[in-house]
Amino acid sequence: KDDWIQPYQFHFGITDPGQKAEFVRETVKLLLHPPNETARESMREWARSTFDWNKIAGSWDSALASMAAESAPAPGPGDSPVQQQPGDAAFHFNRGNELYLAQQYRAALESYDRAILLKPEFAEACHNRGSVLNVLGRREAALESYDKAILFKPDYAEAYGNRGNTLYILQQYQAALQSYDKAILLKPEFVDAYYNRGNSFYALQQYQAALQSYDKAILLNPLHAEAHNNRGSVLHTLLRHEAALVSFDRAILLKPDYV
């Protein structure tokens, strides 16, 4: 099922502290004040998946505000803010990220294209371009962007993970497994790679392998409701109904509105 795939992850590879603080502030503004109420929850779900903040206590708004405060130290005497220029690849990259959060996908794509034009080996821009193309349903073009990101950054675990997600949607399950395995090799605690690898094994009717992948995802993140749910589906298929009920109950406990 397509809805078993985790949302496409983005990469905010900003190293300059000033630029990073500015991006965080803009992200917080969008999340707290989205274009409309309908967009609010989907934007927050995306951010939860992207930043993996499941373990952060308290309200989501407080977590975001806290992150913004920690990421934006008060300037010292004589300090001047970092100004990004439209001629900088980072400017267009960050603009693309903000446009994505605002669900303006085509405009985001244009910004990533501009960033790549200015910096052809910008791996993170290639990666995020792939994620936008996926949202737009352009799977083959998304794969090309992920492949470029990996070419420029061979240890890019997230790019391998999203490449696997795209292959899964294209029902190329064996190829998807290869991408997930590479992502896990590069990032052994990559929860979503284990989860999505389980989905591929399930699609291939390799149920024991799927169960092992879901178990690993849950071991790394016990609050992963989707992994508990899909684990229950595997157990149901294996006719282990009592165990399946336990997993389904756990998923509902973690996510009461689970359908």
Side-chain angles (χ1 to χ4, degrees), residues 1-13 42-54 96-97 100-101 103 105 108-109 112 123-206 209-214 216-218 220-221 224-231 233-234:
K1 297 181 181 180
D2 289 0
D3 59 354
W4 281 17
I5 290 291
Q6 289 293 88
Y8 301 103
Q9 293 186 324
F10 266 46
H11 191 287
F12 303 109
S42 63
M43 289 166 64
R44 290 183 177 181
E45 283 296 329
W46 172 86
R48 288 189 188 98
S49 172
T50 300
F51 296 111
D52 191 18
W53 282 343
N54 290 323
N97 293 342
Y100 180 93
L101 281 174
Q103 299 182 331
Y105 302 121
L109 185 61
Y112 293 133
E124 290 78 13
C126 291
H127 173 268
N128 290 9
R129 181 179 187 271
S131 294
V132 170
L133 288 166
N134 255 321
V135 173
L136 295 173
R138 297 170 58 184
R139 310 297 183 195
E140 297 296 338
L143 281 175
E144 291 179 5
S145 285
Y146 291 137
D147 285 342
K148 284 185 179 179
I150 291 166
L151 176 65
F152 299 138
K153 188 176 179 181
D155 61 348
Y156 205 156
E158 289 78 10
Y160 277 106
N162 281 338
R163 184 178 187 274
N165 292 350
T166 308
L167 290 165
Y168 176 92
I169 291 173
L170 291 172
Q171 299 183 358
Q172 299 180 33
Y173 303 123
Q174 199 63 49
L177 283 174
Q178 294 175 3
S179 284
Y180 294 137
D181 285 343
K182 184 64 175 179
I184 291 167
L185 180 65
L186 292 167
K187 189 176 178 181
E189 296 187 357
F190 197 163
V191 176
D192 287 342
Y194 284 106
Y195 167 73
N196 289 328
R197 186 176 72 168
N199 295 340
S200 291
F201 278 129
Y202 186 93
L204 291 169
Q205 299 183 356
Q206 298 182 30
L211 192 60
Q212 291 173 5
S213 287
Y214 293 138
K216 182 64 174 181
I218 292 168
L220 293 169
N221 179 11
H224 200 309
E226 291 80 5
H228 284 285
N229 178 74
N230 292 5
R231 183 178 188 273
S233 295
V234 172

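In this text, all values refer to a predicted model and were calculated from it rather than measured experimentally.
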For [X], check side-chain contact (heavy atoms from CB on, under 4.5 Å) against everything at least two apart and list the hits.
| X | value |
| --- | --- |
| Ala183 | Tyr160, Phe190, Ala193 |
| Ala125 | Phe93, Ala115, Ile116, Phe122 |
| Leu204 | Tyr173, Gln174, Leu177, Gln206 |
| Leu185 | Lys182 |

Check whether [X] reaches the backbone of [Y] with its side chain - one donor and one acceptor, N or O, closer than 3.5 Å.
| X | Y | answer |
| --- | --- | --- |
| Tyr146 | Ser131 | yes |
| Tyr180 | Asn165 | yes |
| Asn196 | Asp192 | yes |

Qualifying salt bridge (charged side-chain N to carboxylate O under 4.0 Å, His left out) pairs with a residue from residues 165-181, counting only residues at least two apart or across chains: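 Passing the test, one end in residues 165-181: Asp181-Arg197.
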Step-by-step side-chain contact (heavy atoms from CB on, under 4.5 Å) determination, Asn230 to Tyr202: CA-CA 9 Å; Asn230 292 5; Tyr202 186 93; over 6 Å; no
Pairing residues for Phe152 by the ring-ring contact (aromatic ring centres under 6.0 Å, His included) criterion, not counting sequence neighbours: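 Listed in chain order: nothing, the list is empty.
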By side-chain hydrogen bond (donor to acceptor under 3.5 Å, both in side chains) - contacts of Asp155 (at least two apart):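 Asp155 satisfies side-chain hydrogen bond (donor to acceptor under 3.5 Å, both in side chains) with no other residue.
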Separation of Arg163 CZ from Asn134 CG (nearest 0.5 Å):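 These two atoms lie 12.0 Å from each other.
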Nearest heavy-atom neighbours spanning Pro188 and Leu220: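 It is O-CD1, 4.2 Å.
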Shortest non-hydrogen separation from Val234 to Ala210 and the atoms involved: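 Result for this residue pair: CG2-CB, 4.1 Å.
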